[in-house]
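Data block below; observations after.
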Amino acid sequence: EFIGWCSDGIHDKVWVCIQLSHNRWRGKYLSIWGRRGKSLQSKVTDDASDYDIDKLIRSKESKYAEIPIDKLHEVYPEFQEDLEKTTAWALLKA
């Protein structure tokens, strides 16, 4: 749904929102955030409305610039590996 990067000279962080499942107007989403190169944190949101997720993403757009996935791989080459580890743990916790 959204990939954001904050790099302002002080911070170097990512924030990602992934749709895990969806039916009608509600879904299950995974939010992942953290400093690049550090352990990422995650939160699974069950039964969220499309409006709730849009509102969450809009709240992050002031901090994080949306970037395409290919640009993310340039600035954070190990993101895919970190994402897979974080997603696996988040799904096990959910």
request  = Check the pair V14, I3 against side-chain contact (heavy atoms from CB on, under 4.5 Å), reporting the backbone distance first and the verdict last.
outcome  = CA-CA 7 Å; V14 295; I3 301 172; over 6 Å; no
Could you see if [X] belongs to whatever hydrophobic cluster contains [Y]? Use Ile, Leu, Val, Met, Phe, Trp, Tyr and a side-chain cutoff under 4.5 Å.
X   : Y   : value
I18 : I53 : no
V16 : I69 : yes
I57 : Y64 : yes

inquiry  = What I'd like to find out is whether the side chain of W33 reaches to under 4.5 Å of the side chain of K60, using heavy atoms alone.
reply    = no
message = Contact between V44 and D46 at the side-chain level, heavy atoms closer than 4.5 Å - yes or no?
response =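 Yes, close enough: below the 4.5 Å cut-off.
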query = For C17 and L30, what are the C-alpha separation, side-chain angles and deciding distance, and is it a side-chain contact (heavy atoms from CB on, under 4.5 Å)?
reply = CA-CA 6 Å; C17 183; L30 173 65; over 6 Å; no
task = Could you pull out all residues at least two apart from F2 that satisfy ring pair (Phe, Tyr, Trp, His ring centres under 6.0 Å)?
result = W15
request  = Mind checking side-chain hydrogen bond (donor to acceptor under 3.5 Å, both in side chains) for S49 and listing every partner two or more places apart, or none if nothing turns up?
outcome  = D52
remark   = Across all chains, not counting sequence neighbours, the side-chain hydrogen bond (donor to acceptor under 3.5 Å, both in side chains) partners of W5 are D12
key: For K63, side-chain contact (heavy atoms from CB on, under 4.5 Å) partners two or more places apart   = none
task = Go through the structure and list residues passing side-chain contact (heavy atoms from CB on, under 4.5 Å) with H22, not counting sequence neighbours.
result = Q19, Y29, D50
message = Please report the interatomic distance OG(S59) to CG(D54), rounded to the nearest 0.5 Å.
response = 11.0 Å
ask   = Between CG of L56 and CD of E1, what distance do you get to the nearest 0.5 Å?
value =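 Reported value, rounded in 0.5 Å steps: 10.5 Å.
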ask   = Excluding sequence neighbours, so at least two apart, what forms salt bridge (Lys or Arg N to Asp or Glu O under 4.0 Å) with R26?
value = D47
